2 protein chains.
Amino acid sequence: MKWDDLADQPCSVARTVAVIGDRWTLMILRDCFLGIRRFEDFQARLGISRTITAERLKALVDEGVLKKVPYQDRPLRHEYRLTDKGLDLYPVMMAVVNFGDRHYAGEAGPPLLHRHRTCGCDFQPVITCSACHEPLAAREVETRAGPGAV
Amino acid sequence: MKWDDLADQPCSVARTVAVIGDRWTLMILRDCFLGIRRFEDFQARLGISRTITAERLKALVDEGVLKKVPYQDRPLRHEYRLTDKGLDLYPVMMAVVNFGDRHYAGEAGPPLLHRHRTCGCDFQPVITCSACHEPLAAREVETRAGPGAV
DNA sequence: ACCATTCAGTTTATTTTCTGGACTGACTAT
DNA sequence: ATAGTCAGTCCAGAAAATAAACTGAATGGT
């Protein structure tokens, strides 16, 4: 299978992975959620080739995950910001962070802490059921074909 | 930067992405959560080269996300199962699925439904704050250096 | 005994992608 | 005039992915 064919599968994972399922794309998104906006900053922080930085940013813009917003004229320059669709990736990011914190944090603890402004506490993300609001475990879930199945 | 250098960064996203941040690895994990266990089944479902299937499965085993369990002798054959560490990736998967359902489901609706056995309802995953149990929004969160920072 | 089939890979040659480094172009600051 | 900033593009070589064939251990049929 080719990478682009993923987007055509009747699977929400495949369709999403076709967009964000790439090491550098995920790292770019991490930086976006940390407030990075400019090409040179992505480039410097990631330490990857400029070609890939440019290509991945363009792909994310084409997908509607990021948008280019001008921040100066003469010379005209743009910065990259998360769209509402991009912000919807926050749960994915937090789930990834949480996994890293659990399994790869050193003895010192996690490299970053997250504070919930609303309640003022440092937190871990907890995934819950939209129906009963209880935390979800993989083994408690049954999957079956939905309306959009082939 | 090289791919392997990611794992050495003081960042939980980078460390996790070093393990799962690859299109085919994510697709393999999707299948694991759907109950696929055997090499030939992964291979057939994904339609990717056998080389990559073998290499990715091996990497996931080396990382402790999957384990090889013999299911017959003569000839000795193994199947791949999620470890407890692998099951910890469930929130990541569900977050990815949820994003796909929101943004890439056709008019018919999502291709798969998830039912919470505990409460009996179809659900969407909701990410909440471990402290106040309210749903989390990206804009309500502040990030700062934690104990494991450089 | 012989041949086909299953399963889990490995090998190989070719195609695709990624990399580092140099370069472009519009402008500002000294 | 010269250097510097920013956002890229271009290029040749290196690395990774691909399809397709092959290996090897065993079973099942005739």
Side-chain angles (χ1 to χ4, degrees), chain A residues 1-9 14 17-29 31-32 35-63 66-81, chain B residues 1-9 14 17-29 31-32 35-63 66-81:
Chain A
M1 200 195 306
K2 298 285 167 51
W3 288 27
D4 294 340
D5 299 342
L6 271 182
D8 302 327
Q9 292 204 198
V17 164
V19 179
I20 63 157
D22 166 280
R23 273 169 164 79
W24 305 134
T25 301
L26 284 163
M27 295 304 287
I28 285 172
L29 286 170
D31 280 356
C32 289
I36 305 301
R37 293 185 171 155
R38 301 195 184 169
F39 185 91
E40 294 293 325
D41 293 337
F42 287 113
Q43 167 56 27
R45 284 173 55 90
L46 296 177
I48 58 178
S49 74
R50 304 179 71 80
T51 323
I52 298 299
T53 310
E55 199 224 282
R56 292 295 192 280
L57 284 170
K58 183 171 182 320
L60 287 170
V61 170
D62 289 348
E63 270 297 331
L66 299 183
K67 61 189 165 192
K68 281 176 94 162
V69 181
Y71 68 90
Q72 69 171 37
D73 305 333
R74 326 219 340 276
L76 179 60
R77 299 227 193 281
H78 299 90
E79 58 185 17
Y80 295 88
R81 295 208 205 177
Chain B
M1 199 194 307
K2 299 284 167 51
W3 287 27
D4 294 340
D5 300 341
L6 270 182
D8 302 327
Q9 293 204 197
V17 164
V19 179
I20 62 156
D22 166 280
R23 271 170 163 81
W24 306 133
T25 301
L26 284 163
M27 295 303 288
I28 285 173
L29 285 170
D31 280 357
C32 289
I36 304 301
R37 293 183 171 158
R38 300 196 183 168
F39 184 91
E40 294 293 326
D41 292 335
F42 287 113
Q43 166 57 29
R45 283 174 54 89
L46 297 178
I48 58 179
S49 73
R50 304 178 73 79
T51 324
I52 299 299
T53 309
E55 199 224 282
R56 292 296 192 280
L57 285 170
K58 182 170 183 319
L60 287 170
V61 170
D62 290 348
E63 270 298 328
L66 299 182
K67 61 188 166 192
K68 282 176 92 160
V69 180
Y71 68 90
Q72 69 170 37
D73 304 334
R74 326 222 336 276
L76 179 59
R77 299 227 193 281
H78 299 90
E79 58 186 15
Y80 295 88
R81 295 208 206 178

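This is a predicted model, so every value here is computed, not measured. Side-chain atoms are counted along with the backbone in the values below, which use heavy atoms only and exclude waters and symmetry mates. Naming convention: chains lettered A, B, ... in sequence-line order (proteins, then strands); numbering from 1 in each chain.
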| task | Using salt bridge (charged side-chain N to carboxylate O under 4.0 Å, His left out) as the criterion, list what pairs up with B:R77, not counting sequence neighbours. | result | none

| note | Distance col, row A:Q43:CD vs A:I36:CD1, nearest 0.5 angstrom, shows 13.0 Å

| task | Calculate the interatomic distance between B:I52 atom CD1 and D:dA20 atom P; express it in whole Å. | result | 15 Å

| In whole angstrom, what separates B:Q43's CD from D:dA20's C1'? | 12 Å

| task | Please identify each residue that fulfils salt bridge (charged side-chain N to carboxylate O under 4.0 Å, His left out) with A:E40, with sequence neighbours left out. | result | A:R50

| Listed by chain and number, what are the salt bridge (charged side-chain N to carboxylate O under 4.0 Å, His left out) partners of B:R23, not counting sequence neighbours? | none

| For the pair made of CD1 in A:I48 and P in D:dA15, what is the distance, rounded to whole Å? | 18 Å

| Taking only residues two or more places apart in sequence or in another chain, which ones pass salt bridge (charged side-chain N to carboxylate O under 4.0 Å, His left out) with B:K58? | B:D62

| query | When the distance from CZ of B:R23 to P of C:dT17 is rounded to whole Å, what number comes out? | reply | 10 Å

| note | Per-nucleotide protein contact along nucleotides 5-10 of chain D, 5' to 3', at a 4.0 Å heavy-atom cut-off (B base, S sugar-phosphate only, - neither), is BBBBBB

| said: By the 4.0 Å heavy-atom rule, please label A:R56 as base, sugar-phosphate, or nothing. | reply: sugar-phosphate

| field | Atom pair distance, as rounded to whole Å: CZ in B:F42 and P in C:dT6 | value | 20 Å

| In chain order, what residues pass the side chain to side chain contact (heavy atoms under 4.5 Å, CB included) check against A:L29, with sequence neighbours excluded? | A:I20, A:T25, A:L60, A:V65, A:L82, A:L89, A:M93

| request: Provide, to the nearest angstrom, the distance between the CD1 atom belonging to B:I28 and the P atom belonging to C:dG9. | output: 12 Å

| query | Atom CG of B:D73 and atom C1' of D:dG24: how far apart are they, to the nearest Å? | reply | 17 Å

| note | B:K58 NZ to C:dG9 P, in whole Å, measures 11 Å

| said: Quick check on D:dT18: is either OP1 or OP2 less than 4.0 Å from any side-chain nitrogen or oxygen of B:W24? | reply: yes

